[in-house]
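Note: hydrogens, waters and symmetry copies are ignored here, and every other heavy atom, side chains too, is used. Each chain gets a letter, A, B and so on, in the order its sequence line appears, and its residues count up from 1.
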Amino acid sequence: GQQLNQSPQSMFIQEGEDVSMNCTSSSIFNTWLWYKQDPGEGPVLLIALYKAGELTSNGRLTAQFGITRKDSFLNISASIPSDVGIYFCAGQGYAGGTSYGKLTFGQGTILTVHP
Amino acid sequence: SAVISQKPSRDICQRGTSLTIQCQVDSQVTMMFWYRQQPGQSLTLIATANQGSEATYESGFVIDKFPISRPNLTFSTLTVSNMSPEDSSIYLCSVLGTGNTEAFFGQGTRLTVV
(Lines give C-alpha, C1' and ligand atoms only; values in the text may rest on other atoms or scores of the structure.)
Protein backbone atom coordinates (compact mmCIF):
# COMPACT_ATOMS: atom_id res chain seq x y z
CA GLY A 1 0.00 0.00 0.00
CA GLN A 2 0.89 3.66 -0.08
CA GLN A 3 3.58 4.77 2.34
CA LEU A 4 5.02 8.03 3.40
CA ASN A 5 8.71 8.66 2.79
CA GLN A 6 10.24 8.96 6.25
CA SER A 7 13.88 9.76 6.88
CA PRO A 8 16.31 8.96 8.21
CA GLN A 9 15.75 5.23 8.59
CA SER A 10 17.94 5.11 11.68
CA MET A 11 19.92 7.42 13.92
CA PHE A 12 22.64 6.79 16.47
CA ILE A 13 23.18 9.77 18.75
CA GLN A 14 24.74 10.70 22.05
CA GLU A 15 22.61 11.56 25.04
CA GLY A 16 21.92 15.28 25.09
CA GLU A 17 21.96 15.74 21.32
CA ASP A 18 19.00 17.01 19.32
CA VAL A 19 17.26 14.80 16.76
CA SER A 20 15.28 15.67 13.66
CA MET A 21 13.27 13.39 11.39
CA ASN A 22 10.80 14.14 8.60
CA CYS A 23 8.14 12.71 6.37
CA THR A 24 7.05 13.61 2.89
CA SER A 25 4.11 12.45 0.81
CA SER A 26 2.74 12.83 -2.69
CA SER A 27 -0.74 13.13 -1.16
CA ILE A 28 -2.32 15.83 0.95
CA PHE A 29 -3.32 14.85 4.48
CA ASN A 30 -5.81 16.44 6.83
CA THR A 31 -3.90 15.46 9.94
CA TRP A 32 -0.31 14.47 10.63
CA LEU A 33 0.48 12.29 13.61
CA TRP A 34 3.75 11.21 15.19
CA TYR A 35 3.99 7.95 17.14
CA LYS A 36 6.67 6.14 19.16
CA GLN A 37 6.75 2.38 19.37
CA ASP A 38 8.69 0.50 22.01
CA PRO A 39 9.51 -3.21 21.58
CA GLY A 40 6.49 -5.40 22.20
CA GLU A 41 4.12 -2.45 22.38
CA GLY A 42 1.68 -0.69 20.11
CA PRO A 43 2.44 2.81 18.81
CA VAL A 44 1.87 5.61 21.31
CA LEU A 45 0.71 8.98 20.04
CA LEU A 46 3.23 11.77 20.66
CA ILE A 47 1.91 14.75 18.74
CA ALA A 48 -1.05 15.46 16.46
CA LEU A 49 -1.08 18.30 13.91
CA TYR A 50 -4.27 19.62 12.33
CA LYS A 51 -3.47 22.78 10.38
CA ALA A 52 -1.00 23.55 7.63
CA GLY A 53 1.92 25.45 9.10
CA GLU A 54 1.03 24.44 12.66
CA LEU A 55 3.96 24.08 15.06
CA THR A 56 3.20 22.04 18.19
CA SER A 57 5.32 21.08 21.17
CA ASN A 58 5.00 18.31 23.73
CA GLY A 59 7.79 18.64 26.27
CA ARG A 60 11.08 18.12 24.44
CA LEU A 61 9.24 17.21 21.25
CA THR A 62 8.32 19.71 18.54
CA ALA A 63 6.51 18.89 15.31
CA GLN A 64 5.32 20.93 12.36
CA PHE A 65 2.65 20.41 9.72
CA GLY A 66 4.05 21.52 6.37
CA ILE A 67 2.46 24.39 4.48
CA THR A 68 1.78 22.17 1.46
CA ARG A 69 0.05 19.58 3.72
CA LYS A 70 2.39 17.00 2.22
CA ASP A 71 5.12 16.93 4.83
CA SER A 72 5.92 17.09 8.52
CA PHE A 73 8.95 17.01 10.78
CA LEU A 74 9.60 15.97 14.37
CA ASN A 75 12.39 17.34 16.54
CA ILE A 76 13.53 15.90 19.84
CA SER A 77 15.72 18.16 21.92
CA ALA A 78 18.26 17.09 24.55
CA SER A 79 17.75 13.39 23.96
CA ILE A 80 17.76 10.94 26.87
CA PRO A 81 18.16 7.14 26.89
CA SER A 82 14.41 6.54 27.20
CA ASP A 83 13.91 8.23 23.83
CA VAL A 84 15.15 5.00 22.25
CA GLY A 85 12.53 3.40 20.03
CA ILE A 86 10.96 3.55 16.60
CA TYR A 87 9.27 6.78 15.56
CA PHE A 88 6.55 6.73 12.93
CA CYS A 89 4.86 9.54 11.09
CA ALA A 90 1.32 8.97 9.88
CA GLY A 91 -1.03 10.91 7.66
CA GLN A 92 -4.80 10.83 8.06
CA GLY A 93 -7.32 11.57 5.34
CA TYR A 94 -10.09 14.14 5.24
CA ALA A 95 -13.38 13.81 7.14
CA GLY A 96 -16.12 12.61 4.84
CA GLY A 97 -13.68 11.16 2.35
CA THR A 98 -13.11 7.48 1.72
CA SER A 99 -9.78 7.72 3.55
CA TYR A 100 -11.24 9.26 6.67
CA GLY A 101 -9.76 7.81 9.84
CA LYS A 102 -7.34 5.62 7.94
CA LEU A 103 -3.67 6.14 8.64
CA THR A 104 -0.85 5.89 6.14
CA PHE A 105 2.45 5.28 7.91
CA GLY A 106 6.03 6.17 7.18
CA GLN A 107 8.68 3.47 7.26
CA GLY A 108 9.83 4.50 10.72
CA THR A 109 13.01 5.96 12.18
CA ILE A 110 14.94 3.76 14.60
CA LEU A 111 16.51 5.94 17.27
CA THR A 112 19.41 4.75 19.41
CA VAL A 113 20.70 7.00 22.17
CA HIS A 114 24.11 6.27 23.68
CA PRO A 115 24.51 7.35 27.32
CA SER B 1 -7.47 8.81 24.99
CA ALA B 2 -9.18 5.43 24.70
CA VAL B 3 -7.90 2.35 26.52
CA ILE B 4 -7.64 -0.56 24.11
CA SER B 5 -7.04 -4.14 25.20
CA GLN B 6 -6.09 -6.91 22.81
CA LYS B 7 -6.13 -10.63 23.43
CA PRO B 8 -4.01 -12.64 23.08
CA SER B 9 -0.88 -10.54 23.41
CA ARG B 10 1.09 -13.21 21.58
CA ASP B 11 0.63 -16.69 20.19
CA ILE B 12 2.49 -19.38 18.30
CA CYS B 13 0.26 -21.25 15.87
CA GLN B 14 0.54 -24.16 13.50
CA ARG B 15 0.22 -23.47 9.81
CA GLY B 16 -3.23 -24.17 8.44
CA THR B 17 -4.99 -23.19 11.64
CA SER B 18 -6.87 -19.97 12.43
CA LEU B 19 -6.51 -17.46 15.25
CA THR B 20 -9.09 -14.95 16.43
CA ILE B 21 -7.80 -11.75 17.98
CA GLN B 22 -10.05 -9.72 20.25
CA CYS B 23 -10.06 -5.96 20.70
CA GLN B 24 -11.93 -4.35 23.60
CA VAL B 25 -12.26 -0.58 24.03
CA ASP B 26 -13.22 1.18 27.26
CA SER B 27 -15.62 3.55 25.49
CA GLN B 28 -18.01 3.42 22.57
CA VAL B 29 -16.34 4.21 19.26
CA THR B 30 -17.74 4.37 15.77
CA MET B 31 -14.68 3.43 13.78
CA MET B 32 -12.25 0.63 14.55
CA PHE B 33 -9.31 -0.35 12.41
CA TRP B 34 -7.08 -3.38 12.12
CA TYR B 35 -3.44 -3.01 11.09
CA ARG B 36 -0.67 -5.48 10.36
CA GLN B 37 2.99 -4.87 11.12
CA GLN B 38 5.27 -7.39 9.51
CA PRO B 39 8.67 -8.01 11.14
CA GLY B 40 10.85 -4.90 10.94
CA GLN B 41 8.24 -3.08 8.88
CA SER B 42 5.78 -0.26 9.23
CA LEU B 43 2.04 -0.59 9.82
CA THR B 44 -0.36 -1.39 7.00
CA LEU B 45 -4.13 -1.05 7.26
CA ILE B 46 -6.03 -4.30 6.81
CA ALA B 47 -9.61 -3.12 7.17
CA THR B 48 -12.04 -0.70 8.75
CA ALA B 49 -14.68 -2.21 11.03
CA ASN B 50 -17.81 -0.15 11.68
CA GLN B 51 -20.64 -1.44 13.83
CA GLY B 52 -23.68 -2.46 11.87
CA SER B 53 -21.98 -2.82 8.51
CA GLU B 54 -19.57 -5.10 6.71
CA ALA B 55 -15.89 -4.42 7.22
CA THR B 56 -14.15 -2.54 4.43
CA TYR B 57 -10.90 -4.14 3.29
CA GLU B 58 -7.85 -2.47 1.81
CA SER B 59 -6.21 -3.60 -1.38
CA GLY B 60 -4.39 -6.88 -0.85
CA PHE B 61 -6.59 -8.05 2.02
CA VAL B 62 -9.71 -10.18 1.64
CA ILE B 63 -12.54 -11.20 3.92
CA ASP B 64 -11.94 -14.93 3.50
CA LYS B 65 -8.44 -14.57 4.90
CA PHE B 66 -9.18 -11.90 7.53
CA PRO B 67 -12.82 -12.10 8.60
CA ILE B 68 -13.80 -9.35 11.02
CA SER B 69 -16.68 -9.03 13.44
CA ARG B 70 -17.97 -5.83 15.04
CA PRO B 71 -20.92 -6.83 17.23
CA ASN B 72 -21.08 -3.58 19.23
CA LEU B 73 -19.42 -0.20 19.69
CA THR B 74 -16.74 -1.43 22.10
CA PHE B 75 -15.59 -4.73 20.64
CA SER B 76 -14.19 -6.26 17.46
CA THR B 77 -12.43 -9.42 16.40
CA LEU B 78 -10.02 -10.18 13.59
CA THR B 79 -9.47 -13.76 12.50
CA VAL B 80 -6.36 -14.79 10.62
CA SER B 81 -7.48 -17.86 8.68
CA ASN B 82 -5.57 -20.81 7.26
CA MET B 83 -2.32 -19.36 8.53
CA SER B 84 1.06 -19.67 6.86
CA PRO B 85 4.47 -18.48 8.12
CA GLU B 86 4.01 -15.34 5.99
CA ASP B 87 1.21 -14.31 8.36
CA SER B 88 3.70 -13.97 11.21
CA SER B 89 3.25 -10.33 12.20
CA ILE B 90 2.01 -8.01 14.87
CA TYR B 91 -1.70 -7.32 14.47
CA LEU B 92 -2.94 -4.06 15.97
CA CYS B 93 -6.37 -2.71 16.74
CA SER B 94 -6.90 1.03 16.52
CA VAL B 95 -9.73 3.46 17.28
CA LEU B 96 -10.31 7.16 16.78
CA GLY B 97 -10.46 9.24 19.93
CA THR B 98 -13.11 11.77 20.83
CA GLY B 99 -13.31 14.32 18.07
CA ASN B 100 -12.40 11.58 15.58
CA THR B 101 -9.05 13.14 14.85
CA GLU B 102 -6.47 11.06 16.70
CA ALA B 103 -5.94 7.32 16.40
CA PHE B 104 -4.97 5.20 19.38
CA PHE B 105 -3.62 1.67 19.34
CA GLY B 106 -3.81 -1.46 21.39
CA GLN B 107 -0.61 -3.17 22.49
CA GLY B 108 -0.81 -5.54 19.56
CA THR B 109 -0.92 -9.31 19.12
CA ARG B 110 2.39 -10.87 18.13
CA LEU B 111 1.62 -13.89 15.97
CA THR B 112 4.20 -16.49 14.98
CA VAL B 113 3.16 -19.21 12.55
CA VAL B 114 5.30 -22.35 12.48
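A/Arg60 CZ: more than 12 foreign heavy atoms inside a 6.0 Å radius. No more than 12 heavy-atom neighbours from other residues, nucleotides or ligands sit within 6.0 angstrom of CD on B/Glu54. Shown here is B/Ile12, whose CD1 atom has no more than 12 heavy atoms of other residues, nucleotides or ligands within 6.0 Å. Counted within 6.0 Å of CD on A/Gln9, heavy atoms from surrounding residues, nucleotides or ligands total 12 or fewer; the atom is thus considered open.
Checked by atom type and distance alone, the side chain of B/Ser42 never pairs as donor or acceptor with a backbone atom of A/Gly108 at under 3.5 Å.
Nearest heavy atom pair, residue B/Ala103 against residue A/Leu33, reads N-CD1, 4.4 Å. The nearest pair of heavy atoms linking A/Pro43 to B/Leu43 is CG-CD2, 3.9 Å. For the pair A/Phe88 and B/Gln41, the tightest heavy-atom approach, listed with the atom from each and the gap, is CZ-O, 4.2 Å.
Under the 4.5 Å side-chain contact rule for hydrophobic residues, A/Leu61 and A/Val19 share a cluster. There is a path of hydrophobic side-chain contacts, each under 4.5 Å, that joins B/Leu19 to B/Leu78. Cluster membership for A/Ile13 and A/Leu74, using ILVMFWY side-chain heavy atoms within less than 4.5 angstrom, is shared.
With a 4.5 Å cut-off on non-hydrogen atoms, B/Gln6 does not touch chain A at all. A/Gln37 touches chain B through its side chain: at least one heavy atom from C-beta onward sits under 4.5 Å away, while N, CA, C and O do not.
Taking A/Thr31, A/Ile86, A/Leu45 one by one and counting their heavy-atom pairs under 4.5 Å with chain B, the maximum is reached by A/Leu45.
For the atom pair A/Leu103 CG and B/Tyr35 OH, the distance stands at 3.5 Å (nearest 0.5 Å). For the atom pair B/Leu92 CG and A/Glu41 CD, the distance stands at 10.5 Å (nearest 0.5 Å).
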